[in-house]
Amino acid sequence: MCHFFFVFSQIEKKTIVMSSFLRSTPNNYWRNLFTRVILVVASTLLIVWLLPRKESFQFKYEIDKPWMGDDVIAKFKFPILKSEEAIDNERKELESKFQPYYIFDESVENKAVEDFNKAFDDNVPAPIALFKPHIIRRLHQLYQRGIMNAPDYSRLSSDTTAQVRVVSGKNAITTEVRQLLSTMNAYEQIFLDENLAERRSLLLKYDLNQYIRPNLILDKTRSDQELKELLNSIAPADGQVENGQKIIGRGEIIDAHTARILHSLENELANRNTGKSESLTTIAGQTIYVAMLIILFTVYLLLFRRDYFDKSRNILMLYSLITLFPMAVALIVRYTSLSVYLLPFAMVAIFVRIFLDSRTAFMAHTTMVMISASAVNYQEEFFIIEMVAGMAAIFSLRDMSRRSQVFSAMLSVTLCTMVMHYALTLIHSDQETAISWSRYFHLLLNGIFLLLAYPLMFLIEKMFGFTSDVTLFELSDTNKDLLRELSEVAPGTFQHSITVGNLAAEIANKIGANGLLVRTGALYHDIGKMSNPVFFTENQAGVNPHDKLSEKKSAQIIISHVTEGIHLAEKNGLPEVIKNFILTHHGTGTTKYFYITYKNNHPDEPDNPDPFTYPGPNPSTREQALLMMADGVEAASRSLNEYTEESISQLVNRMIDNMVNEGYFIECPITFRDIVVAKQVLIDRLRSIYHTRIQYPENKEETTKEK
């Protein structure tokens with residue numbers, strides 16, 4: 001999977017490079033056309049390259065169930081293959097009786113005795129020197145029996161009848177393992193000598209164990225070769241079917257032996273087709289089929305989702321998913337006997353629905369399933385079941401804001417596919433006895449594998465640069481390190497960010513934008529103020545440090561909260577979509593207070609707003625525009641002398657109209673209707689925030705009593 005994405009990424013990189021060249025031309029038509037052609041051609045070639053082109057034939061049956069097909073007559077002679085279980089049992093039996101080869105190495109004894117003589121020279125105490133010949137003789141006896149390393153001896157001696165072949169010179173003698181010694185047993189055997197047993201406590205001080213070494217060395221090369229030849233002698237078949245012999249008739253019960261014959265026939269058909277050359281007409285047909293479906297999907301994007309071509313991550317994810325699953329199906333069909341129903345095809349619908357939209361999810365899933373169907377038998381059943389799975393996934397999963405939604409989507413997909421498979425079984429067989437329980441098991445496993453959508457979602461986020469709702473929910477947790485630090489270092493900015501997030505999210509929900517995204521972006525848009533919190537009015541407590549600075553210096557400190565915010569965002573690994581809110585919430589505007597003050601104090605100097613201008617860029621999405629509106633209006637509302645309906649309305653209209661007139665929203669797809677709704681929401685919400693509290697009347701009776 002990772003290799004596939006790497007290859008596709010290289011293709012995409014080349015596409016982007018060429019697109020960059022074409023972008024410089026006045027007409028972007030050729031750039032877009034080139035991108036689409038590359039995607040269609042690359043996807044088609046990758047899929048067709050792996051699609052099976054040999055003639056294949058598979059029987060659909062279940063043991064102890066009646067055969068529902070036509071009579072099967074052998075058209076040629078073929079062997080009846082043994083079952084995998086039978087072959088495995090024979091293999092285990094041969095392995096248990098196999099005698100590995102061990103080389104008897106005489107040099108080990110010589111080296112051990114030599115080391116012993118060096119250690120126990122004439123300088124050792126007299127009592128020990130007397131036992132030296134006995135020890136050497138005992139070592140010789142033990143080495144002549146044969147000593148193995150402890151792990152090998154323990155493994156082999158578990159079977160009391162186990163034998164090995166001891167190779168000495170040109171002879172290989174079969175020896176029972178129980179007649180040999182391990183290094184541990186050999187050490188104990190030293191003190192069975194009656195001459196040494198009496199002085200055991202004294203000899204233990206001299207660590208004789210270091211002179212006990214394995215002199216039976218496993219000849220791994222020869223052992224492996226002999227075992228391989230032995231296993232290769234296992235016959236793969238135990239009978240044969242004659243030409244013209246009836247294998248099974250309609251309605252007959254399939255027993256284990258008949259199932260083996262059917263499997264053998266499948267294998268024989270596959271072997272007979274192995275040597276056949278690939279048909280050019282087959283390749284041409286597959287190419288036309290796959291290319292047509294991918295072209296139709298591309299036409300859909302061109303007609304209804306043209307904006308996806310402007311973001312390489314969108315089209316790269318779409319075409320990767322559409323290509324990946326048919327390739328996986330082709331590999332399974334060509335090289336394994338696994339069921340294709342084990343693949344969680346509904347993941348395509350889930351991922352596209354989460355990161356893009358439901359209509360595109362349905363189109364992408366349909367295209368992928370139709371391409372995959374070309375590689376399988378029983379195409380009608382496969383197409384119907386997987387289409388039901390995709391629709392169930394789309395309908396049950398609007399977003400992924402909670403982990404439990406993945407589980408509910410899995411249940412929906414599993415239940416719907418099982419019910420549909422049961423319906424198809426009844427339609428084709430008209431009797432319940434023909435139910436294939438193995439297929440239901442495969443569909444159940446498919447649903448379980450669908451749970452992998454949750455961890456894979458984060459992989460897709462990293463690979464293609466998306467940000468899911470789950471990630472946004474996690475980022476919006478105010479207990480996270482960065483937001484908690486913001487609340488401690490700059491509490492005024494933190495409260496401002498929460499208020500701005502609520503305002504912008506309410507507008508987003510009213511106009512159909514992403515409220516969760518804009519709320520999360522608002523929480524982080526001013527994190528750069530943590531570097532110099534006291535220079536921002538919401539964090540000041542009576543002392544304004546700007547009074548001691550020049551206008552330019554003050555402006556640079558205010559503007560720097562954008563660059564500082566980006567630095568903090570990169571340091572803490574915030575997604576690109578959140579960084580964009582930090583960059584665009586002031587756009588290319590100016591710090592008007594310091595700019596105007598500077599102009600008033602220096603009337604003779606030429607007008608140069610650059611030192612007072614934010615780096616930008618301006619908002620490019622509706623969510624970024626909403627944050628700019630809510631941020632500017634909320635900050636300005638704090639400076640009102642009185643909070644009346646008229647003053648709030650005038651402030652909101654003036655602020656947003658100025659943003660529109662200064663061209664901040666030219667690059668984003670926000671409409672006049674969206675702006676009108678935004679104004680009304682901000683007016684209503686600010687009136688609620690700054691409403692005048694009712695003064696409670698005095699209780700005259702209590703006042704009289706007190707007097």
Side-chain angles (χ1 to χ4, degrees), residues 92-231:
K92 289 180 179 178
E93 184 178 358
L94 290 177
E95 288 176 345
S96 65
K97 296 180 179 180
F98 177 70
Q99 300 175 4
Y101 288 84
Y102 279 82
I103 299 174
F104 186 86
D105 190 351
E106 296 181 356
S107 64
V108 175
E109 177 186 349
N110 297 333
K111 184 67 169 63
V113 172
E114 180 183 350
D115 292 344
F116 175 78
N117 282 322
K118 289 181 180 179
F120 288 78
D121 54 15
D122 297 336
N123 296 325
V124 297
I128 300 302
L130 295 175
F131 289 100
K132 184 176 178 181
H134 296 287
I135 295 174
I136 294 175
R137 184 180 66 255
R138 189 58 177 163
L139 288 174
H140 175 70
Q141 294 171 351
L142 297 176
Y143 276 113
Q144 288 303 306
R145 284 186 62 181
I147 302 174
M148 304 175 66
N149 62 53
D152 282 2
Y153 186 86
S154 177
R155 175 173 53 82
L156 293 171
S157 63
S158 59
D159 182 1
T160 57
T161 63
Q163 297 177 327
V164 297
R165 289 178 179 266
V166 178
V167 180
S168 179
K170 296 182 179 181
N171 299 321
I173 303 173
T174 299
T175 307
E176 293 184 355
V177 174
R178 62 183 180 179
Q179 295 180 359
L180 305 174
L181 298 171
S182 70
T183 51
M184 297 177 60
N185 292 340
Y187 178 71
E188 293 296 329
Q189 291 281 334
I190 291 178
F191 301 105
L192 294 181
D193 187 301
E194 58 183 9
N195 297 312
L196 301 177
E198 299 176 357
R199 297 290 182 177
R200 176 169 183 155
S201 58
L202 179 62
L203 293 174
L204 288 175
K205 300 178 181 179
Y206 291 91
D207 190 17
L208 298 179
N209 186 54
Q210 61 181 311
Y211 308 108
I212 303 296
R213 302 161 188 172
N215 67 336
L216 293 179
I217 311 302
L218 175 65
D219 188 345
K220 191 172 188 312
T221 302
R222 185 174 180 181
S223 298
D224 290 347
Q225 183 178 356
E226 291 280 346
L227 179 59
K228 183 178 179 181
E229 292 177 359
L230 187 62
L231 295 178

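Note that this is a predicted model, so its numbers are computed, not measured.
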Given side chain to side chain contact (heavy atoms under 4.5 Å, CB included), test Glu109 with Leu142 step by step and report yes or no. CA-CA 9 Å; Glu109 177 186 349; Leu142 297 176; over 6 Å; no

Working to the nearest 0.5 Å, report the span between CG of Asn110 and NE2 of His140. 10.0 Å

All pairs passing salt bridge (Lys or Arg N to Asp or Glu O under 4.0 Å) where residues 143-153 contributes a residue, at least two apart: Asp152-Arg155

Approximate separation, where rounding is to 0.5 Å, of Ile147 CD1 and Phe104 CZ: 9.0 Å

Between Ser223 and Leu218, is the side chain to side chain contact (heavy atoms under 4.5 Å, CB included) condition met? List the steps. CA-CA 8 Å; Ser223 298; Leu218 175 65; 3.8 Å; yes

Distance col, row Ser157:OG vs Leu181:CG, nearest 0.5 angstrom, shows 11.5 Å

Which atom names give the shortest non-hydrogen contact between Pro214 and Met148, and what distance separates them? CB-C, 3.8 Å

Thr161: side chain to side chain donor-acceptor pair (under 3.5 Å) partners, not counting sequence neighbours: Asp159

Are the side chain of Asn215 and the backbone N or O of Tyr143 linked by a donor-acceptor pair below 3.5 Å? yes

For Gln144, look at atom CD and say whether over 12 heavy atoms of other residues, nucleotides or ligands are found less than 6.0 Å away. yes

Counting only N and O atoms by type, is there a donor-acceptor contact under 3.5 Å from the side chain of Ser154 to the main-chain atoms of Ala150? no

Checking Thr183 side chain against Asn149 main chain: does a donor-acceptor pair fall under 3.5 Å? no

Just verifying a value: how many Å separate Arg178 CZ and Gln163 CD, rounded to the nearest 0.5 Å? 9.0 Å

So how far is it from Asp105 CG to Ile217 CD1, rounded to the nearest 0.5 Å? 6.0 Å

Looking only at heavy atoms, the pair that brings Val167 and Tyr101 closest together is CG2-CD2, 3.7 Å

So salt bridge (Lys or Arg N to Asp or Glu O under 4.0 Å) across residues 209-224, not counting sequence neighbours, yields Asp115-Arg213, Lys220-Asp224

